[in-house]
Amino acid sequence: MRSIRKKRKKSLNSNDSAVNISGPDSGRFPAHVAIIMDGNGRWAKSRSLERLEGHRRGVEALETIIRTSVNIGISYLTVFAFSTENWNRPEYEVTGIMMLLKEFLRSRQEELRDNGIRFNVVGNPGMLSEDVLDALDEAKLLTKDCRKMVLTIALSYGGRDEITRAVKQLALDAVAGRIDVDGIDEQIISGYLDTRDLPDPDMLIRTSGEVRISNFLLWQLAYTEIFITDTLWPDFGPDELVSLIKEYQSRDRRFGKV
Ligand code: FPP
């Protein structure tokens, strides 16, 4: 990924040599990789640092993974940045994560655009502040014509909340006669979700060893291959991403068939 900010210690272009995809089946490549970035707090605690420092390092890890993803040809990268449940965290942590998000967008949105990355958001905007909404809109507008990769940030996102909002809208459209109830099928339901423009993920990666989906993309993960790694998110890097993709390539995806 080409960096336009030469001054930063760590440009979005470092570490590219670490990426070498050639595996047993290098033709079968995941188009859409989704990630639950977990373990920032434990990473910080194990170093006697503030939790927010873990999130800060989490953003750096994310920047590296975005760069690697676009370079190796992933078309869709979706990351879980903040859940509907995360609103219950202490106020200083919530404010800190929102600040990191704004800083990420402010400092990186032009780089995203210059590297062909379209910025996208899923989640419930209801609880987001005006300045966060403005920053999200600005990044979406700036990158709207980008075609190499779609980066989706799940923010104030919960799978059940997404499905609830979709069902409400579907019911309103049915009552108003805009939709025929007999015609409702999986494709129509998918079209009401925040992810309507994205294919379902091929891979889900969760860091920090927790074996849970945690309300992430509940509908969309129906046939997704799941990978759990013990690595804490700030320590997750290109080598491990590539190694998990190789493992994906060796799996037999049958989608319920024999
Ligand atoms: C999970 O770690 C991580 C989060 C709840 C937030 C993820 C946020 C980032 C990676 C930074 C934000 C990035 C952007 C672009 C906004 P945890 O705090 O649950 O870790 P723990 O389980 O070890 O406590």
Side-chain angles (χ1 to χ4, degrees), residues 1 8 10 12 33-70 77-112 117-125 127-129 131-140 142-143 149-159 161 204-217 228-237 240-241:
M1 184 164 175
R8 276 184 75 112
K10 195 172 165 193
L12 285 185
V33 175
I35 306 181
I36 299 178
M37 309 180 286
D38 197 9
N40 296 345
R42 275 162 284 170
W43 184 94
K45 192 173 175 204
S46 70
R47 289 163 176 77
S48 305
L49 297 169
E50 293 277 334
R51 289 179 60 80
L52 216 46
E53 187 53 29
H55 295 314
R56 192 167 289 116
R57 293 295 291 262
V59 175
E60 287 180 16
L62 175 60
E63 290 174 348
T64 303
I65 290 303
I66 294 170
R67 176 226 322 138
T68 302
S69 299
V70 75
L77 176 69
T78 300
V79 294
F80 205 177
F82 194 86
S83 72
T84 44
E85 292 74 25
N86 288 156
W87 287 113
N88 298 318
R89 293 197 174 195
E91 197 186 330
Y92 89 93
E93 187 172 342
V94 172
T95 311
I97 292 177
M98 294 302 156
M99 194 198 67
L100 287 171
L101 171 70
K102 284 186 285 179
E103 167 61 17
F104 165 76
L105 292 174
R106 193 195 58 73
S107 64
R108 296 298 188 186
Q109 60 184 357
E110 287 167 358
E111 231 166 315
L112 293 176
I117 300 171
R118 182 156 71 79
F119 180 75
N120 182 41
V121 188
V122 292
N124 190 333
M127 289 179 79
L128 295 171
S129 61
D131 55 339
V132 169
L133 290 169
D134 287 349
L136 296 171
D137 283 347
E138 189 183 326
K140 282 196 272 188
L142 190 74
T143 61
M149 186 175 89
V150 178
L151 167 67
T152 300
I153 304 261
L155 189 70
S156 189
Y157 176 87
D161 175 72
L204 170 70
I205 298 170
R206 181 170 189 153
T207 56
S208 92
E210 306 292 346
V211 189
R212 280 191 297 276
I213 290 180
S214 295
N215 205 8
F216 189 41
L217 301 175
I228 309 285
T229 168
D230 286 337
T231 306
L232 303 177
W233 174 250
D235 291 330
F236 188 85
E240 197 166 9
L241 176 65

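A quick note: this is a predicted structure, and the numbers were derived from the prediction, not measured. Indexing begins at 1, ligand by ligand and atom by atom, following the structure's order.
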Asks: Kindly confirm or rule out an N or O of Trp233 lying under 3.5 angstrom from an N or O of ligand 1.
Replies: no

Asks: To the nearest 0.5 Å, what is the distance between NE2 (His55) and CD (Glu60)?
Replies: 14.0 Å

Asks: Would you kindly check if the NZ (Lys) or CZ (Arg) of Arg47 is within the cone defined by 45 degrees around the ring axis of Trp43 and under 6.0 Å from the six-membered ring centre?
Replies: yes

Asks: Using the rule given for side-chain contact (heavy atoms from CB on, under 4.5 Å), can you reason through Met98 versus Leu128, listing the C-alpha separation, both sets of side-chain angles and the distance that settles it, and then say yes or no?
Replies: CA-CA 9 Å; Met98 294 302 156; Leu128 295 171; 4.1 Å; yes

Asks: With a 3.5 Å cut-off and no angle check, do the side chains of Trp233 and Ser208 form a donor-acceptor pair?
Replies: no

Asks: Just do the side-chain contact (heavy atoms from CB on, under 4.5 Å) check on Glu63 and Arg108 with the steps written out, would you?
Replies: CA-CA 9 Å; Glu63 290 174 348; Arg108 296 298 188 186; 3.1 Å; yes

Asks: At less than 4.0 angstrom from any non-hydrogen atom of Asn86, what atoms of ligand 1 do you find?
Replies: 5 (C)

Asks: Do side-chain atoms of Tyr157 reach the backbone of Leu217 as a donor and acceptor pair under 3.5 angstrom?
Replies: yes

Asks: Quick test: of every protein heavy atom, which one is nearest to atom 3 (C) of ligand 1, and how far off is it to 0.1 Å?
Replies: Met37 O, 3.2 Å

Asks: Tell me which protein heavy atom sits closest to atom 16 (C) of ligand 1, plus the residue, atom name and distance to 0.1 Å.
Replies: Leu101 CB, 3.5 Å

Asks: Counting from 1, what ligand 1 atoms have a heavy atom of Gly41 closer than 4.0 Å?
Replies: 17 (P), 18 (O), 20 (O), 21 (P), 23 (O), 24 (O)

Asks: Can you report which non-hydrogen protein atom sits closest to atom 22 (O) of ligand 1, along with the distance?
Replies: Arg42 NH2, 2.9 Å

Asks: Look at Glu210 together with Arg42 and state whether they make a salt bridge at an N to O cut-off of under 4.0 Å.
Replies: yes

Asks: Kindly compute the distance separating OG1 (Thr143) from CD1 (Ile117), expressed to the nearest 0.5 Å.
Replies: 9.0 Å

Asks: Yes or no: does Asp38 have any heavy atom under 4.0 Å from an atom of ligand 1?
Replies: yes

Asks: Considering heavy atoms of the protein only, find what lies nearest to atom 9 (C) of ligand 1 and give residue, atom and distance to 0.1 Å.
Replies: Asn40 ND2, 3.6 Å

Asks: Please determine whether side-chain contact (heavy atoms from CB on, under 4.5 Å) holds for the pair Thr152 and Val79, giving the CA-CA distance in whole Å, both sets of side-chain angles, and the decisive distance to 0.1 Å.
Replies: CA-CA 6 Å; Thr152 300; Val79 294; over 6 Å; no

Asks: With atoms numbered from 1 as shown, which atoms in ligand 1 lie under 4.0 angstrom from a non-hydrogen atom of Val59?
Replies: 11 (C), 12 (C), 13 (C)

Asks: Using only heavy-atom distances, determine whether the side chains of Glu240 and Thr229 contain a donor-acceptor pair under 3.5 Å.
Replies: yes

Asks: What atoms of ligand 1 come closer than 4.0 angstrom to any heavy atom of Ala81?
Replies: 6 (C), 7 (C), 8 (C)

Asks: Is ligand 1 under 4.0 Å from a heavy atom in the side chain of Val79, in the backbone, in both, or in neither?
Replies: neither

Asks: Starting from atom 4 (C) of ligand 1, which protein heavy atom do you reach first, and at what distance in Å?
Replies: His55 CE1, 3.9 Å

Asks: Show the atoms of ligand 1 that are less than 4.0 angstrom away from any heavy atom in Leu62.
Replies: 15 (C)

Asks: What part of Arg89, side chain from CB on, backbone N/CA/C/O, both or neither, has a heavy atom under 4.0 Å from ligand 1?
Replies: side chain

Asks: Answer side chain, backbone, both or neither: which part of Leu155 comes under 4.0 Å from ligand 1, heavy atoms only.
Replies: neither

Asks: Please classify the Glu210 to ligand 1 contact at 4.0 Å (heavy-atom distances, strictly less than): side chain, backbone, both or neither.
Replies: neither

Asks: Can you tell me if Arg51 contacts ligand 1 (heavy atom of the residue under 4.0 Å from the ligand)?
Replies: yes

Asks: Would you find a donor on one side and an acceptor on the other, under 3.5 Å apart, between the side chain of Asp137 and the backbone of Asp134?
Replies: no

